[in-house]
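Written out below as structure tokens is the structure these notes cover.
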Amino acid sequence: MKRFTIAENDANQRLDKFMQKAAPGLPPALLYKALRTKKIKLNKRRAEGSARLETGDELECWLPDEFFAPPDYQYDFLRAGRALEVLYEDAHVLLLDKPAGLLSHPDESEYVDTLLGRAQRYLYEKSEYDPAKENAFAPALVNRIDRNTQGIVVAAKSAEALRVLNEKMKRREIRKFYLCAVHGVPKQGEKQPDGWLLLRGWLAKDEGRSLVRVHDHPREGAKESLTKYRVMQEHHKTPAGSPGTPAGEISILEIELLTGRTHQIRAQMAAIGHALVGDGKYAPRAQYQADTKRGIKRQCLCSHRIIFDFKSPAGALEGLRALDISVKKADFLNNL
């Protein structure tokens with residue numbers, strides 16, 4: 001028999017979701033059968049999979065130990081790199097500056113050395129995270145940015161922090177700003193009271209090509225995308241470089257995302273004829289080839305600033321209210 005006492009990081013989730021993490025070897029069919037036959041009890045009573053767990057609850061699981069056996073290998077995150085740029089840290093959150101070229105989460109090309117793996121290793125080596133002492137929770141990233149984009153990623157160190165931050169993201173109470181370099185000097189968009197310009201479009205994913213398409217009007221399967229921007233530096237001349245690589249005009253923009261769609265900035269800027277410098281996915285082919293001849297092979301984009309603009313209670317994260325954090329420098333500026 002296995003007994004669990006629900007800790008703070010395990011509370012406020014469904015019992016069946018908790019069991020899927022605490023007993024990874026237990027097939028879903030056996031889980032729900034165990035609930036029906038009272039082999040899993042909550043506070044010594046019959047339990048439902050939909051029951052919401054609370055701190056201090058007792059779970060008794062009359063099931064074979066093999067379903068709860070810990071892995072017999074070293075934690076994967078201990079094989080992640082140690083390099084980590086911490087912009088801010090408190091008891092609940094980490095604000096990290098992810099370098100371009102590093103994945104936020106594992107994918108089919110890289111499983112171990114990701115920003116998430118590095119963050120978990122960092123906290124483990126500080127004795128702030130120990131998987132052996134957690135039933136279901138692990139530090140998690142609240143937002144993500146593309147592999148080839150630098151910038152701020154928020155990591156939650158506790159389950160409460162993760163819940164609050166996810167809610168604040170949905171409510172748009174966390175403002176995210178980007179710096180980017182684009183070809184030309186954009187002037188399109190609706191003029192806003194603060195002088196910024198607003199781009200409004202509807203983005204639809206093209207799964208086959210792993211990109212999104214921008215439409216001027218609503219259509220089935222497309223999501224509204226709102227992007228504010230201002231031109232910070234105009235008429236920035238790129239060098240002529242090698243023969244066949246003409247000099248061109250670029251601009252440095254600051255962008256605020258009002259929605260969080262896949263490839264939102266890259267797709268919307270390209271759609272108005274001002275693709276990001278170094279963007280091999282959305283820029284015209286000739287433009288991208290000219291950028292690569294100048295040594296720019298990644299999109300010039302950095303998630304450079306975040307403001308915790310809370311409008312509602314934030315529980316344990318009240319200390320983040322009005323916090324305004326920026327990266328030390330957008331690295332792509334070194335290449336322009």
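Note that the numbering runs from 1 along the sequence shown for the chain.
The hydrophobic cluster containing Leu257 also contains Leu301, counting ILVMFWY residues as joined when their side-chain heavy atoms lie under 4.5 angstrom apart, directly or transitively. Leu253 and Trp196 end up in different hydrophobic clusters when Ile, Leu, Val, Met, Phe, Trp and Tyr side chains are linked at under 4.5 Å. Grouping the Ile, Leu, Val, Met, Phe, Trp and Tyr side chains by contacts below 4.5 angstrom, directly or via other members, places Leu276 apart from Val214. Neither Leu165 nor Val153 shares a network with the other; the hydrophobic side chains, linked directly or stepwise wherever heavy atoms of I, L, V, M, F, W or Y lie under 4.5 Å apart, form separate groups for each. In the hydrophobic clustering of this structure, Ile306 groups with Val327; members are Ile, Leu, Val, Met, Phe, Trp, Tyr whose side-chain heavy atoms approach within less than 4.5 Å, directly or through other members.
Here salt bridge (charged side-chain N to carboxylate O under 4.0 Å, His left out) pairs that include residues 161-186, with residues two or more places apart or in two chains, are Glu167-Arg171, Lys168-Glu173, Arg175-Glu256. Applying the salt bridge (charged side-chain N to carboxylate O under 4.0 Å, His left out) rule to pairs touching residues 214-227 yields Arg200-Glu224, sequence neighbours excluded. Pairs passing the side chain to side chain donor-acceptor pair (under 3.5 Å) check and including a residue from residues 31-41, sequence neighbours excluded, read Asp16-Tyr32.
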Apply side-chain contact (heavy atoms from CB on, under 4.5 Å) to residues Phe4 and Asp57 and explain how you reach the verdict. CA-CA 8 Å; Phe4 295 99; Asp57 280 348; over 6 Å; no

Full working for side-chain contact (heavy atoms from CB on, under 4.5 Å) between Ile6 and Glu54: CA-CA 7 Å; Ile6 302 304; Glu54 298 181 3; over 6 Å; no

With salt bridge (Lys or Arg N to Asp or Glu O under 4.0 Å) as the test, would you mind laying out the steps for Asp291 and Lys293 before giving the verdict? CA-CA 5 Å; Asp291 291 338; Lys293 287 181 180 179; over 6 Å; no

Using the rule given for side-chain contact (heavy atoms from CB on, under 4.5 Å), can you reason through Glu89 versus Tyr122, listing the C-alpha separation, both sets of side-chain angles and the distance that settles it, and then say yes or no? CA-CA 12 Å; Glu89 181 176 8; Tyr122 170 78; 2.6 Å; yes

Check the pair Lys228 / Glu254 against salt bridge (Lys or Arg N to Asp or Glu O under 4.0 Å), numbers first and verdict last. CA-CA 8 Å; Lys228 281 178 62 178; Glu254 184 175 27; over 6 Å; no

Might you work through the side-chain contact (heavy atoms from CB on, under 4.5 Å) test for Cys61 and Met1, ending with a clear yes or no? CA-CA 6 Å; Cys61 305; Met1 190 269 287; 5.8 Å; no

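Salt bridge status for Asp113 with Arg79: absent, with no side-chain N to carboxylate O gap under 4.0 Å. Remark: Arg45 does not engage Glu60 in a salt bridge, criterion side-chain N to carboxylate O under 4.0 Å. The pair Lys44-Glu58 does not count as a salt bridge, with every side-chain nitrogen at least 4.0 angstrom from each carboxylate oxygen.
In terms of heavy-atom proximity, Leu320 sits nearest to Phe308 at O-CB, 3.1 Å. Nearest heavy-atom pair, Leu197 versus Gln188, reported as atom, atom and distance to 0.1 Å: CD1-O, 3.6 Å. Residue Ala275 comes nearest to Gln287 through the heavy atom pair CB-OE1, 3.8 Å, listed as atom of the first residue, atom of the second, then distance. Residues Gly189 and Leu199 come closest through the heavy atom pair CA-CD2, 4.0 Å. The two atoms that bring Glu110 and Val112 nearest to each other are OE2-N, 2.9 Å, heavy atoms only. Closest heavy-atom contact between Ala51 and Leu42: CB-CD2, 4.0 Å.
Listed by chain and residue number, Asn334 satisfy the side chain to side chain donor-acceptor pair (under 3.5 Å) test with Lys329 (two or more places apart in sequence, or in another chain). Arg52 pairs by the salt bridge (charged side-chain N to carboxylate O under 4.0 Å, His left out) definition with nothing, not counting sequence neighbours.
Tyr282 contributes a side-chain N or O that, together with a main-chain N or O of Val212, makes up a donor-acceptor pair within less than 3.5 Å. Looking only at distances, no side-chain donor or acceptor of His274 sits under 3.5 Å from a matching main-chain atom of Met269. Of the possible polar contacts, one joining the Arg121 side chain to the Ala80 backbone as a donor-acceptor pair under 3.5 Å is found. Put simply, the side chain of Glu134 never gets that close to the backbone of Ala132: no donor and acceptor are under 3.5 Å apart. One N or O on the side chain of Lys281 and one on the backbone of Ser210 form a donor-acceptor pair closer than 3.5 Å. Side-chain atoms of Arg230 do not come within 3.5 Å of backbone N or O of Gly195 as any donor-acceptor pair. A donor-acceptor pair under 3.5 Å is absent between the side-chain atoms of Glu160 and the main chain of Gly315, judged by distance alone. With hydrogens and angles ignored, the 3.5 Å screen pairs no side-chain donor or acceptor of Gln289 with any backbone N or O of Ala286.
Atom-to-atom distance recorded for Leu179:CG and Tyr229:OH is 15.5 Å, nearest 0.5 angstrom. Residue Glu66 holds its CD atom at 10.0 Å from CG of Leu26, rounded to the nearest 0.5 Å. Once rounded to the nearest 0.5 Å, the distance linking CG of Leu336 with CD1 of Ile252 reads 5.0 Å. Atom CD1 of Ile145 and atom OG of Ser104 lie 5.5 Å apart (nearest 0.5 Å). To the nearest 0.5 Å, atom CG of residue Leu59 and atom CG of residue Asn43 are 7.5 Å apart. We find the CG-CG distance between Asp10 and Leu15 to be 11.0 Å, quoted to the nearest 0.5 Å.
Proximity of Leu123 to Gln120: side-chain heavy atoms (C-beta onward) are nowhere separated by under 4.5 Å. Residues Ile296 and Cys300 have side chains in contact (heavy-atom distance under 4.5 Å, counting atoms from C-beta outward). Inter-residue side-chain proximity for Cys302 and Phe332 is flagged as met; some heavy-atom pair is nearer than 4.5 Å. With a 4.5 Å cut-off on side-chain heavy atoms, Tyr124 and Pro131 count as touching. Under the 4.5 Å side-chain criterion, counting only non-hydrogen atoms from C-beta, Pro186 is in contact with Ser251. Side-chain contact between Leu198 and Leu258 is present, with heavy atoms from C-beta onward closer than 4.5 Å. Residues Met169 and Asn143 are in side-chain contact: their nearest non-hydrogen atoms beyond the backbone lie under 4.5 Å apart. Using a 4.5 Å cut-off on side-chain heavy atoms (C-beta onward), Ser225 and Thr227 make contact.
Side-chain contact of Glu8 with Ser158: a donor-acceptor pair under 3.5 Å is absent, judged by distance alone.
Aromatic rings of His304 and Tyr178 (six-membered ring for Trp) have centroids beyond the 6.0 Å cut-off, not under it. Aromatic rings from Tyr129 and Phe77 are positioned such that their centres are separated by under 6.0 Å.
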Can I get a per-line list of side-chain donor-acceptor pairs under 3.5 Å for residues 93-103, giving both atom names and the distance, sequence neighbours left out?
from  : atom 1 : to     : atom 2 : distance (Å)
Asp97 : OD1    : Gln150 : NE2    : 3.4
Asp97 : OD2    : Gln150 : NE2    : 3.3
Lys98 : NZ     : Leu102 : O      : 2.7
Lys98 : NZ     : Asp146 : O      : 3.3
Lys98 : NZ     : Arg147 : O      : 3.0
Lys98 : NZ     : Thr149 : O      : 2.8

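Environment of OH in Tyr111: sparse, with no more than 12 heavy atoms of neighbouring residues, nucleotides or ligands closer than 6.0 Å.
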